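Order of the sequence lines fixes the chain letters, A, B, ..., with proteins taken first and strands second; residue numbering starts at 1 for each chain. Just so you know, these numbers come straight off a predicted model, no measurement behind them.
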Amino acid sequence: MSKNLVLQPPRGTRDWLPEEAYAKRIVSEKIREVFESYGYGEVITPAFEYLDLLKAKAGEEVVEQIYAFKDKAGRELGLRFEMTTPIARIVASRLDLAKPLRFYYVQPVWRYEEPQRGRWREFWQAGIELFGISEPEGDAEVVAVTFDALKAVGLKDFDIRVNDRRVVEDLVLGAGIPGDLLPSALRVLDKMDKFGEEYVVSELAKLGLREDAATSLLEKLKSGSLDIDTSTQPGREGLRRLALVVDTLKNCYGINVTVDYAIVRGLGYYTGFVFEVKAGSSEGLGSIAGGGRYDDLVSVVGGPKIPASGMAIGVERLLEALSMQGALKLDYREVDVCVIPVKKTPEILSEAVAVARELRVAGMKVVLEVSERSLSKLLEAASKRGARFAIILGERELKEGVVTVRDLYLWKEEKVARPHLYEYIRAGSST
RNA sequence: GCCUCGGUGGUGUAGCCUGGGAACACGUCGGCCUGUGGAGCCGAAGACCCCGGGUUCAAAUCCCGGCCGAGGCCCCA
């Protein structure tokens with residue numbers, strides 16, 4: 001063994017110890033239940049894909065974040081940086097599957113970025129994709145699933161912000177910004193919350209927008225009103241659909257969302273509706289979840305044009321937000337019962353194994369203590385590990401056909417006849 | 001790509017400014033106590049103070065370079 005090995009996990013990755021892994025699993029399971037309750041089915045795809053596929057519809061910036069490599073046969077591959085493109089591949093290639101399709105996943109993805117709070121190079125996404133529904137009601141369903149999933153895990157005061165790209169684009173172009181500067185303008189507008197109106201106006205001036213035009217543009221954007229003037233056909237369409245999504249959510253699902261024209265979202269494949277979720281009291285974490293409509297992706301990947309809408313929850317961010325809110329209360333216990341043979345004679349040991357097996361079969365977590373330490377040390381260890389009971393087994397017990405059950409919480413112990421052991425422990429566990 | 005901070009036993013830290021004995025907590029192991037004192041007390045093991053160079057009689061400490069990490073900007077889950 002070399003002494004020089006780096007024992008930390010690589011930058012941007014992490015280990016999950018039992019308690020953390022448990023929290024992640026519980027949260028993931030609650031999310032899955034919500035996804036499945038809406039009729040979504042799980043899909044699992046490879047960690048790596050052909051590089052060309054991943055590049056197909058990603059912005060240039062995202063392409064640079066792909067972990068790319070060649071396999072031994074020279075194939076150009078890359079680790080998936082999100083799940084939507086791989087799933088679009090499935091949909092594009094499996095035209096035999098009847099639409100609409102409802103898929104979900106809980107999987108790790110990889111991006112070569114500079115790590116920060118809530119930003120990892122390997123992270124988990126839990127998301128859904130809805131293919132074959134072009135109506136705004138599909139977008140509303142996606143938002144509703146997101147809402148229910150976040151509620152199910154106990155996230156408090158989160159805010160869902162919705163937008164349609166075409167509306168902002170319409171307004172920005174209408175204000176007089178040339179088409180080629182649109183991306184820069186959108187980026188500037190996104191800074192509204194962070195740097196304030198004055199900053200945005202001055203930045204827009206650099207893009208050639210007069211101050212009064214910029215101010216009136218900001219007025220419209222800030223209003224979050226669905227009753228604004230649009231100048232283009234796509235803009236009108238976007239506005240109409242956005243209003244429908246908001247209405248459906250409010251009137252049918254009872255979910256209130258905020259219209260925020262600054263939400264644009266980075267991934268290049270969104271074609272209209274977009275949304276984002278941020279949680280209260282989790283500043284600096286970025287968005288917990290996000291999604292939108294991507295009607296072109298399946299065709300870009302080589303399939304027919306199939307409308308689609310989807311979203312992803314950042315599992316690590318969700319966990320961190322939950323723990324910041326103090327909403328991550330889990331009763332984690334690794335061990336329920338510790339079986340301690342006093343001496344390791346064959347008779348005692350086989351009785352200990354039998355006792356442990358009996359309780360394990362009944363669904364309890366049982367450690368059979370086999371290390372050579374004094375009884376008091378072993379009791380101490382069992383207690384620290386969080387076990388509720390210690391079962392002490394030696395010659396005396398064997399002779400009498402009983403076991404000594406020590407309640408490590410109540411500091412009591414009692415001899416219990418073998419046939420009543422499980423009953424005794426089960427009764428004690430629930431107090 | 002830019003910026004800030006950091007790297008000291010297994011883990012988390014103090015010490016660094018104002019250079020000279022490497023400390024504390026937890027953890028581990030043991031003794032008091034070879035079938036029940038989970039507490040407590042006592043003890044032990046465990047660190048070439050990230051690497052390399054420089055300054056100095058003397059460097060964990062000051063200086064330079066590198067490597068690694070955590071955050072911020074950008075962007076994003």
Side-chain angles (χ1 to χ4, degrees), chain A residues 3-15 17 58-62 64-65 81-84 106-127 146 150 183-184 186-188 190-191 194-195 263-268 275-279 282-291 310-321 338 340-344 348 369 371-398 403-415:
Chain A
K3 267 192 128 172
N4 304 324
L5 290 178
V6 176
L7 295 180
Q8 297 166 308
R11 185 166 165 82
T13 66
R14 55 163 298 180
D15 299 313
L17 269 50
E60 203 168 301
E61 197 146 341
V62 179
E64 283 171 18
Q65 295 174 357
F81 57 90
E82 41 84 296
M83 289 295 292
T84 303
V106 181
Q107 295 279 302
V109 299
W110 297 267
R111 291 182 199 176
Y112 194 85
E113 283 191 278
E114 291 311 310
Q116 265 169 60
R117 170 181 283 272
R119 193 163 93 182
W120 302 86
R121 287 184 172 179
E122 175 182 74
F123 61 99
W124 287 69
Q125 289 193 323
T146 310
L150 295 177
S184 334
L186 292 179
R187 208 167 306 136
V188 169
D190 193 44
K191 299 283 175 297
K194 213 170 245 171
F195 298 122
I263 303 295
V264 179
R265 303 197 51 74
L267 292 172
F275 76 101
E276 211 167 87
V277 182
K278 287 197 177 180
S282 60
E283 280 70 31
L285 244 195
S287 50
I288 306 280
M311 72 88 188
I313 296 170
V315 175
E316 285 83 355
R317 285 188 181 180
L318 175 58
L319 284 168
E320 189 162 349
C338 234
I340 304 176
V342 172
K343 283 204 186 76
K344 289 198 276 180
I348 294 174
E369 193 54 78
S371 57
E372 294 279 0
R373 287 187 288 176
S374 67
L375 183 54
S376 57
K377 295 289 177 193
L378 293 175
L379 286 171
E380 178 180 351
S383 175
K384 277 184 181 159
R385 196 174 298 179
R388 175 66 196 264
F389 294 102
I391 293 180
I392 300 163
L393 245 175
E395 282 152 355
R396 297 173 202 164
E397 284 82 2
L398 222 52
V403 293
T404 300
V405 178
R406 189 175 181 88
D407 187 320
L408 295 171
Y409 286 15
L410 302 179
W411 295 61
K412 284 193 326 197
E413 76 177 35
E414 213 171 323
K415 293 204 168 169

Item to check | Protein-nucleotide distance (A/Ile313, atom CD1; B/rC76, atom C1'), rounded to Å | outcome: 16 Å
Item to check | Separation between the C1' atoms of B/rC3 and B/rC74, rounded to whole Å | outcome: 11 Å
Checklist entry - A/Glu113 has an atom CD; how far is it from atom C1' of B/rG71, in whole Å? => result 15 Å
Next on the checklist: My understanding is that only residues two or more places apart in sequence, or in another chain, count here; which of them pass salt bridge (Lys or Arg N to Asp or Glu O under 4.0 Å) with A/Glu413?
Outcome noted: A/Arg406
Checklist entry - B/rC5 pairs with which nucleotide, Watson-Crick or G-U wobble, both distances below 3.5 Å? => result B/rG69
Next on the checklist: Just so I know, are the side chains of A/Val342 and A/Ile348 near enough to count as touching, which here means a heavy-atom distance under 4.5 Å?
Outcome noted: no
Next on the checklist: Going by the rule side chain to side chain contact (heavy atoms under 4.5 Å, CB included), which residues pair with A/Lys384 if we only count those two or more places apart in sequence or in a different chain?
Outcome noted: A/Glu380
Checklist entry - With the sugar-phosphate defined as primed atoms, P, OP1 and OP2, and the base as all remaining atoms, what B/S/- string results for nucleotides 36-43 of chain B, 5' to 3', for protein heavy atoms under 4.0 Å? => result B-BS----
Checklist entry - Are side-chain heavy atoms of A/Arg111 and A/Glu64 found at a separation under 4.5 Å? => result no
Checklist entry - Once you round it to whole Å, what is the distance between P of B/rA77 and CG of A/Leu318? => result 15 Å
Checklist entry - Which whole-number value in Å describes the distance from A/Gln107 CD to B/rA77 P? => result 18 Å
Checklist entry - Rounded to the nearest Å, what distance is computed from the OH atom of residue A/Tyr112 to the P atom of nucleotide B/rC74? => result 21 Å
Checklist entry - Which residues satisfy the ring-ring contact (aromatic ring centres under 6.0 Å, His included) test with A/Tyr409, sequence neighbours excluded? => result none
Next on the checklist: Both distances below 3.5 Å, Watson-Crick or wobble geometry, any strand: find the nucleotide opposite B/rC24.
Outcome noted: B/rG12
Next on the checklist: Please compare A/Gly314 and A/Glu114 by the position of their nearest nucleotide in RNA chain B and report the one closer to 5'.
Outcome noted: A/Glu114
Next on the checklist: Going by purine N1 to pyrimidine N3 plus the second Watson-Crick contact, or the G-U wobble pair, all under 3.5 Å, which nucleotide sits opposite B/rU36?
Outcome noted: none
Checklist entry - With a 4.0 Å cut-off on heavy atoms, is A/Gly118 in touch with a base, just the backbone sugar-phosphate, or nothing at all? => result base
Pull out every protein N or O sitting under 3.5 Å from an N or O of nucleotides 67-69 of chain B, one pair per line with the distance.
from, atom 1, to, atom 2, distance (Å)
B/rC68, O2', A/Gln8, OE1, 2.9
B/rG69, OP1, A/Arg11, N, 2.8

Checklist entry - Partners of A/Glu122 by salt bridge (Lys or Arg N to Asp or Glu O under 4.0 Å), sequence neighbours excluded? => result none
Item to check | Residue met sooner reading RNA chain B from 5', once A/Pro115 and A/Val342 are mapped to nucleotides | outcome: A/Val342
Checklist entry - With both distances under 3.5 angstrom, what nucleotide forms a Watson-Crick or G-U wobble pair with B/rC29? => result B/rG43
Next on the checklist: Distance check, C1' atoms only: B/rU28 and B/rU61, in whole angstrom units.
Outcome noted: 30 Å
Checklist entry - Where is the tightest heavy-atom contact between A/Ile340 and A/Leu379, given as atom of each residue plus distance? => result CD1-CD2, 4.0 Å
Next on the checklist: Please enumerate all residues that pass side chain to side chain contact (heavy atoms under 4.5 Å, CB included) together with A/Gln116, with sequence neighbours excluded.
Outcome noted: A/Arg119
Next on the checklist: Measuring only between side-chain heavy atoms, which start at C-beta, is A/Val109 closer than 4.5 Å to A/Phe123?
Outcome noted: yes
Item to check | All salt bridge (Lys or Arg N to Asp or Glu O under 4.0 Å) counterparts of A/Arg396, not counting sequence neighbours | outcome: none
Next on the checklist: Checking base pairs now: Watson-Crick or wobble, both atom distances under 3.5 Å. What partners B/rA58?
Outcome noted: none
Item to check | By salt bridge (Lys or Arg N to Asp or Glu O under 4.0 Å) - contacts of A/Lys343 (at least two apart) | outcome: none
Next on the checklist: Using atom C1' in both nucleotides, what's the gap between B/rG10 and B/rG46 to the nearest angstrom?
Outcome noted: 8 Å
Item to check | Whole-Å distance separating the CZ atom of A/Arg117 from the C1' atom of B/rC74 | outcome: 18 Å
Next on the checklist: If the glycosidic angle sits within 90 degrees of zero it is syn, else anti. Tell me which applies to B/rG7.
Outcome noted: anti
Next on the checklist: Measure CD/A/Gln125 against P/B/rC76 and give the value in whole Å, please.
Outcome noted: 14 Å
Checklist entry - Do any side-chain nitrogens or oxygens of A/Arg111 fall under 4.0 Å of OP1 or OP2 in B/rC76? => result no
Next on the checklist: Distance check needed: B/rC5 P versus A/Gln116 CD, whole Å only.
Outcome noted: 16 Å
Item to check | Identified pairing partner of B/rC49, criterion: Watson-Crick or G-U wobble below 3.5 Å | outcome: none
Checklist entry - In the strands shown, is B/rU18 matched to any nucleotide by a Watson-Crick or G-U wobble pair with both distances under 3.5 Å, and which? => result none
Checklist entry - Do A/Arg14 and A/Trp120 have side chains that get closer than 4.5 Å, going by heavy atoms? => result yes
Next on the checklist: Between B/rC26 and B/rA22, how many Å separate the two P atoms, rounded to a whole number?
Outcome noted: 23 Å
Item to check | Distance between C1' atoms of B/rU8 and B/rC51 (Å, rounded) | outcome: 15 Å
Item to check | Whole-angstrom distance between B/rG15 and B/rG9, as gauged at atom C1' | outcome: 15 Å
Checklist entry - On a whole-Å scale, what distance lies between the P atoms belonging to B/rU13 and B/rU55? => result 34 Å
Next on the checklist: Between B/rG7 and B/rA77, how many Å separate the two P atoms, rounded to a whole number?
Outcome noted: 34 Å
